[in-house]
A.B. asks: 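I have a structure here, written as structure tokens, and I will follow up with some questions on it.
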Number of protein chains: 2
Amino acid sequence: MKKKITIKTIAKELGVSTSTVSKALKDSHEIGKETKDKIQAFANYYNYKPNSLALQLRNKKTKVIGVILPKIVHHFFSTVIKGIEAVASEKGYHIMVCFSNENYKKEVETLRVLSNGSVDGLIVSIANETLENKDFNHFFELLDDDIPLVLFDRVVDDISCDKVVVDDVGAGYKATKYLIKNGCKKIALITTPNHVNVGTLRRLGYEKALIESYIKTDRSLILEINEKENIKNQIEKVFEQEIDALFAVNEIYAANSMRIAKEKGMHIPNDISIIGFTDGLISEYSSPSITTIAQHGFTMGKQAVELLIERIENKADFFTPKKIVISSDLKLRESTKTSS
Amino acid sequence: MKKKITIKTIAKELGVSTSTVSKALKDSHEIGKETKDKIQAFANYYNYKPNSLALQLRNKKTKVIGVILPKIVHHFFSTVIKGIEAVASEKGYHIMVCFSNENYKKEVETLRVLSNGSVDGLIVSIANETLENKDFNHFFELLDDDIPLVLFDRVVDDISCDKVVVDDVGAGYKATKYLIKNGCKKIALITTPNHVNVGTLRRLGYEKALIESYIKTDRSLILEINEKENIKNQIEKVFEQEIDALFAVNEIYAANSMRIAKEKGMHIPNDISIIGFTDGLISEYSSPSITTIAQHGFTMGKQAVELLIERIENKADFFTPKKIVISSDLKLRESTKTSS
DNA sequence: CAAATTTACGAAATCGGTTTCGTGTTGACA
DNA sequence: TGTCAACACGAAACCGATTTCGTAAATTTG
């Protein structure tokens, strides 16, 4: 096992002091040409790399951004990571990715560990369980410690920090409005339980569109999925009623719905129009392909990390939290009919 | 801006030495009960957390594992990450995720940066470009520096380190054999260019199965996709010939193929059987759902990180690289017919 | 030629911890 | 009452770098 080469070993080997070595490697004018050449040649030959831990400790910055996500095997979140990494690496940062697995305890624990100096800042999307029991003390502590924080997608107002969200209300509205415009009247909504606020917001948009068109909101057309049970079975209940359209707040719900519709012999989009959320591969490759709300995860990730780096590198700035709202687009495909 | 609280501040505030504080916080028997209580209460009150950089520097270990992937928005790779993270976090490690974007230069750069002490070891799946130009010096340097390394999925024999791979030959064989068994004769293969070795291996399995059944390999039935051009257009050429089955080395190729088959009015699986690779969401939710080779990414990730941690924590061990081969399964779904 | 300035380098502090070793005080025991 | 162990704590080295400051020798200047 080769011992790693440090400034100290170089110094000893060459009979100079560590300060001289350090300066020589930075091409300081303080060091004479001969000595400099000698040191640089030596360092180069032995492939010397400064220990980054030592530098981080001294500079009090790690150039690492912590990212905590509820899950990873998920098109939207992996797209966000891609966006984060793109900008981060361009600006000389690395990312440390952790997962809460939608679990409150793991989120608290991860936050605690990462806030001990190993990262310069954090980008987080809150776990469902945390949203459910509304305990955000771990975030407050983070802010107390003055650690830059950016929340995205699943955010809560009480936490005073920068945020990046999609225009969920607008998205729900856009989707529903489109369905109505094309002649749909009985529009089912497949959503998440109320504590997941993105679901709630999308639902608000849905209701807003209905109200605007004087369609009474039919409670029985709205289904809140319990993720712990079989999803398909739950959705099937909605199909017991007469519906001519369906808006699902994510891709999986949409795909399941489509499958059920097909099994029931319904023709898509003639008998029923379907709109999903998250522009993932399922929507793109299923047949018929599914019209969806594109969330622009890549953009969200980029924006989030830009906000964060700004905070990190410019802490003097007075703290007035920013909130960036990314507008979402309706991506028309084959699962929706057009009235024209 | 609150100043962070360190051992030094505690010591000063309480009129003791830093050594005393350090020991008191570790409940050392050397420190008297009163002093201990006082210090612990103080530290607790001010929510003291030891700076991890300082510890890492002293202990010469970071408890961080670097992971370098060719891409992230990809079912297989995100599943692997999930597996890595699961075991890592259970064993007290964190993961630092970086991407090469299939790019040689970025891979070299990332490897260089991560090998300066910021991680205890690395898990890597090699970029396509690197495989293409066969320049692995950056990996050799890593080994020279005695940094534990585990390669997975996209590996090369020349690099002497632990590896985790799927049984690609066996998988290709299994899929092809299954098609033959069920009466298919003209089996197309949609694969990657030859430098991507997993593609090559799967192709070997394909050819082996054909030979075993005395079917002559028809060069015109094999298509190497050029990822820089439109995938669908390329696949369409294969359909100009008469085929009754198709084996694609990934999900995207399979989904595209299915779409083309449908557009040509072929019925699946009666007119043509299709088998894909990677058991992702597309295969599961498309209709008909696609029979695929399940790669068990989660298991691969777990195995990789287990190998790595073993190396990290037990460096004395003589270096005899291990290679774990994960056997893949054929997951039967609707896109393949059965002869029965 | 003496004084002032440059040049070229080293000593030591610092970042925030841990750990070894030493030492003053106490109490027990012969 | 002298000796020795146990106790409780502090000084200082260390991890691997950077950086400020000091200084001897060489060079320039008056």
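Note on naming: letters A, B, ... go to the chains in the order of the sequence lines (proteins, then strands), and numbering restarts at 1 for each one.
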A.B. asks: Any chance you could list the contact pattern along nucleotides 14-19 of chain D? Use B for base contacts, S for sugar-phosphate-only contacts and - for none, protein heavy atoms under 4.0 Å, 5' to 3'.
C.D. replies: BBBBBB

A.B. asks: Nearest whole angstrom, please: distance from the C1' of C:dA8 to the CG of A:D37.
C.D. replies: 14 Å

A.B. asks: Measure the distance from CD on B:E30 to C1' on C:dT20 and round it to the nearest whole Å.
C.D. replies: 9 Å

A.B. asks: Given side chain to side chain donor-acceptor pair (under 3.5 Å), test A:S118 with A:N116 step by step and report yes or no.
C.D. replies: CA-CA 6 Å; A:S118 22; A:N116 64 1; 2.8 Å; yes

A.B. asks: Could you tell me how far apart A:K12 (NZ) and C:dG10 (P) are, to the nearest whole angstrom?
C.D. replies: 15 Å

A.B. asks: Quick one: does B:N59's side chain have a donor or acceptor within less than 3.5 Å of a partner on B:Q56's backbone?
C.D. replies: no

A.B. asks: Roughly how many Å is it from CD1 in B:I39 to C1' in D:dC9, rounded to a whole number?
C.D. replies: 10 Å

A.B. asks: Do B:E109 and B:R112 pass the salt bridge (charged side-chain N to carboxylate O under 4.0 Å, His left out) test, and can you show the C-alpha distance, the side-chain angles, and the key distance before you say yes or no?
C.D. replies: CA-CA 5 Å; B:E109 174 62 15; B:R112 210 182 53 72; 3.5 Å; yes

A.B. asks: Can you check the A:K36 NZ to C:dA8 P distance for me, whole Å?
C.D. replies: 9 Å

A.B. asks: When the distance from CD1 of B:I31 to C1' of D:dA6 is rounded to whole Å, what number comes out?
C.D. replies: 14 Å

A.B. asks: Between A:K49 and B:D145 (salt bridge meaning N to carboxylate O under 4.0 Å), is one present in this structure?
C.D. replies: yes

A.B. asks: In whole Å, I'd like the distance from the CG atom of B:D27 to the P atom of C:dT18.
C.D. replies: 13 Å

A.B. asks: For A:D162, run the side chain to side chain donor-acceptor pair (under 3.5 Å) check against A:K322, A:K323, A:R311 and tell me which one passes.
C.D. replies: A:R311

A.B. asks: Are A:K106 and B:E85 ion-paired here, with the side-chain N under 4.0 Å from a carboxylate O?
C.D. replies: yes

